[in-house]
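As structure tokens, the structure follows; a few thoughts come after it.
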Amino acid sequence: MSVDKATVAKIASLARIRMTDAEVDAMVPELNQILGWVEQLGEVDCTGVEPMTAVIPNTLRLRDDVVDADPLTGGGVRDKVLANAPAAEHGFFGVPKVIE
Amino acid sequence: MTDLTELTVAAIRKGVADGTFTAVEVAEAFNANVAAAGALNAFIVATPEKAIEAAEATDAKRAKGEALGKMGGVPIGMKDLFATAGVQTTAASHILEGFTPQYESTVSQNLWNAGAGMLGKLNLDQFAMGSSNETSYFGNVISPWKRGGGDNASLAPGGSSGGSSAAVSARLCPAATGTDTGGSIRQPAAFTGITGIKPTYGRCSRWGVVAFASSLDQAGPMARDVTDCAIMLESMAGFDPKDATSLNMPVPEWEAGLNADLKGKKVGIPREYRMDGMDAEIAKSWDDGIAWLKDAGAEVVDISLPHTKYALPAYYIIAPAEASSNLARYDGVRYGLRDLPEGAGLQDMYAATRADGFGPEVKRRIMIGTYVLSAGFYDAYYNQAQKVRALIARDFEHAFTQCDVILAPTCPSAAFALGDKTSDPLSMYLNDVFAVPASLAGLPAMSVPAGLNSEGLPLGLQIIGKAFDEQGVLNAGLAIEQRAGFTAKPERWW
């Protein structure tokens, strides 16, 4: 499978990366080269093989159902959460208007 | 007085504990080396005051007769992928420039708890994406090594932990943290003549480490020798309830368990790693390694890892797929850069911010990841890659029924010159051909210096072990280290 300019532009939009026409043009052959190369995976017979989702057998742990159990990952740290926000106001993340 | 910056972690720790010198003297010596090495561009931010502060705490503890911890009095470099409270953390990207974490990564916190101090934040490939340290927003790291014969070309320190490898080999720090997703600890260690180990996936917490590919990323130490790696890994590793993929297992005493006697051990030599047209000097160093391990008492067996050639293409689907998902969080809303063009809406802000904030290699990988995960291609690419990954892991499982550790070269070549591979992403990716399979299988693997090539550049040997058997890897590494007698270091030009 090879990608054309329209496909690359569509992927850029899905990936939320603004790209100029020239950048899209430049990326078409790069992506095609890489995708052409990874296509050799199609040669491998994977009949009956389950896709690997965890490299080390490890059971998924669930956190205790306790509010703010961990002082670092729990709540009550609004100012810390907002400390690096480019436009924090009134205790919220500020964004451009999204509704008319 | 001895030059303190020539000492290993073990020697520094002992000297501080014995009172031969103080931790503050050590920190000052390394701070001076860091300040004088701007030409290497190994640090994004230097934190001399942090190093002194930790050293003063260690000296005060000693004065009171308290125990100093496994890394007591040892200042280290921290790859700028680890969140450090109050100190800028950027992943070498523009999008995180100026980001000051309000929290500390578990690995760095573990190291401070063990008595280590921080010399600064080390440069890397942007979001750890690269094998040469040429994708950092803050400029290339220059290897302290030069080819012999008056060749003045700037060489790659390897990547992505290239700031770490350059800093350790140039004596700017006795040890540094690295992270390895597809070889990012082992390849830079090999390029700069130092030692680095990627432990079993899950040994070191990923909490507070800027994520690249979550199922692969694993932190590890980079230091001048095997013993130092064992010491530092013991301090970094450990169960962390904050990371759902953290292994709930005790941390073994790897340092105490070091033993270079390999009698009764079997070393597997994977025949698929002996590739057509292999660099003759790489092949020779591999043969040297085989002879050294035999000399240490090991039996050498021929093994097969039949899916080796598919590891890299599988990696270059899986890693970008996970990266495209992980990097979706950088959108200009909660932290980092925001680019809000005049009159733009939310979607335009995301797209503009990400266009400005990510470098070309990061964009390329996000694009590949988005493509292989998109509707219609998910099964053909992503699912197929995950199945191939299962086969690669199975190859290793089968091999480990015949041997205890595997010996292979770390990289297909010695360090290349900066700029040599940047025009062709694929040729850059191929540099990780020997490192990636162990990453896909989550196995512990280390690189140990094996000697110099005819140009005077270091070559590394790689040891891959069974899951959870870091001790076996470290011991084989120690056997090689003792026989290779590698003492070369870069001549100071910076």
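Below, chain A is the first sequence line, B the second, and so on; all start at residue 1.
Taking chain A as the reference chain and counting heavy-atom pairs below 4.5 Å, the highest number among B:R334, B:E104, B:K242 is found for B:R334. Counting heavy-atom pairs under 4.5 Å between each of B:P360, B:P101, B:G202, B:A314 and chain A puts B:A314 at the top. Most heavy-atom pairs under 4.5 Å with chain A, from the set B:Y382, B:Y335, B:F468: that is B:Y335. In terms of heavy-atom pairs under 4.5 Å with chain A, the best-connected choice from B:Y201, B:F358, B:Y315 is B:Y201. When each of A:L82, A:L62, A:L31 is checked for heavy-atom pairs under 4.5 Å with chain B, A:L31 comes out on top. Ranking B:I318, B:V333, B:L247 against chain A, the residue ahead of the rest is B:V333, based on heavy-atom pairs under 4.5 Å. The candidate from A:E23, A:M19, A:E43 with the greatest count of non-hydrogen atom pairs under 4.5 Å with chain B is A:E43.
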Q.
Run the ring-ring contact (aromatic ring centres under 6.0 Å, His included) test on B:Y316 and B:Y429 for me, step by step, so that the C-alpha distance in whole Å, both residues' side-chain angles and the decisive distance to 0.1 Å come before the verdict.
A. CA-CA 8 Å; B:Y316 276 99; B:Y429 296 174; 3.8 Å; yes

Q) Taking it one step at a time, do B:Q126 and B:L96 satisfy side-chain contact (heavy atoms from CB on, under 4.5 Å)? A) CA-CA 10 Å; B:Q126 190 167 147; B:L96 276 174; over 6 Å; no

Q: Determine, step by step, whether A:V55 and A:M52 satisfy the side-chain contact (heavy atoms from CB on, under 4.5 Å) criterion, reporting the C-alpha distance in whole Å, the side-chain angles of both residues, the deciding distance to 0.1 Å, and the verdict.
A: CA-CA 7 Å; A:V55 283; A:M52 188 171 185; 3.9 Å; yes

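Looking at B:D348, neither its backbone nor its side chain comes within 4.5 Å of chain A, counting heavy atoms on both sides. Residue contact with chain B, scored on non-hydrogen atoms closer than 4.5 Å, involves the backbone and the side chain of A:V8 alike. Proximity to chain A (any heavy atom under 4.5 Å) is shown, for B:L216, by neither the backbone nor the side chain. For a residue to count as touching a neighbouring chain, one of its non-hydrogen atoms must lie under 4.5 Å from one of that chain's; by this rule B:D424 touches chain A with the side chain only. With a threshold of 4.5 angstrom between heavy atoms, B:S324 does not approach chain A through any atom at all. For chain B, the nearby part of A:A83 is the side chain; its heavy atoms alone come within less than 4.5 Å. Only the side chain of B:L340 comes within contact range of chain A, with heavy atoms under 4.5 Å apart. Residue contact with chain A, scored on non-hydrogen atoms closer than 4.5 Å, involves the side chain of B:L430 exclusively. Residue contact with chain A, scored on non-hydrogen atoms closer than 4.5 Å, involves the backbone of B:A344 exclusively. Contacts between B:P341 and chain A at a heavy-atom distance below 4.5 Å involve the side chain alone, from C-beta outward. Only the backbone of B:A441 comes within less than 4.5 Å of a heavy atom of chain A; no side-chain atom from C-beta onward does. Both the backbone and the side chain of B:M367 come within contact range of chain A, each with at least one heavy atom under 4.5 Å from a heavy atom of that chain. Using a 4.5 Å cut-off between heavy atoms, B:T353 makes no contact with chain A at all. Heavy atoms of B:D379 lying under 4.5 Å from chain A are absent altogether. Using a 4.5 Å cut-off between heavy atoms, A:T7 touches chain B through its side chain atoms alone. For A:D79, no part sits under 4.5 Å from any heavy atom of chain B, backbone or side chain. Heavy-atom distances place no part of B:I392 under 4.5 Å from chain A, backbone and side chain included.
Between B:T200 and B:E470, the side chains place a donor N or O and an acceptor N or O closer than 3.5 Å (distance only, hydrogens not considered).
Ionic pairing of A:D21 and A:K5 is present here: one or more N-O contacts between side-chain nitrogen and carboxylate oxygen are shorter than 4.0 angstrom. Under a 4.0 Å N-O distance rule, the pair B:E397/B:R394 does not qualify as a salt bridge.
The distance between the ring centers of B:Y350 and B:Y330 does not fall below 6.0 angstrom.
Remark: B:T308 engages B:E272, B:Y273, B:M275, B:L305 in a side chain to side chain contact (heavy atoms under 4.5 Å, CB included) (not counting sequence neighbours). A:E50 meets the side chain to side chain contact (heavy atoms under 4.5 Å, CB included) test with no other residue; sequence neighbours excluded.
Although no hydrogens or angles enter the test, the distance criterion places no donor-acceptor pair under 3.5 Å between the side chain of B:D243 and the main chain of B:S205. In this structure, the side chain of A:Q33 does not engage the main chain of A:E30 through any donor-acceptor pair within 3.5 Å.
The aromatic rings of B:F400 and B:F396 lie parallel to each other, their planes meeting at an angle below 30°, with 60° marking the opposite boundary.
Scanning all heavy atoms of the two residues, the minimum distance from A:A15 to B:I366 falls at CB-CG2, 3.8 Å. Considering every non-hydrogen atom in both A:V28 and A:V3, the closest pair reads CG1-O, 3.6 Å.
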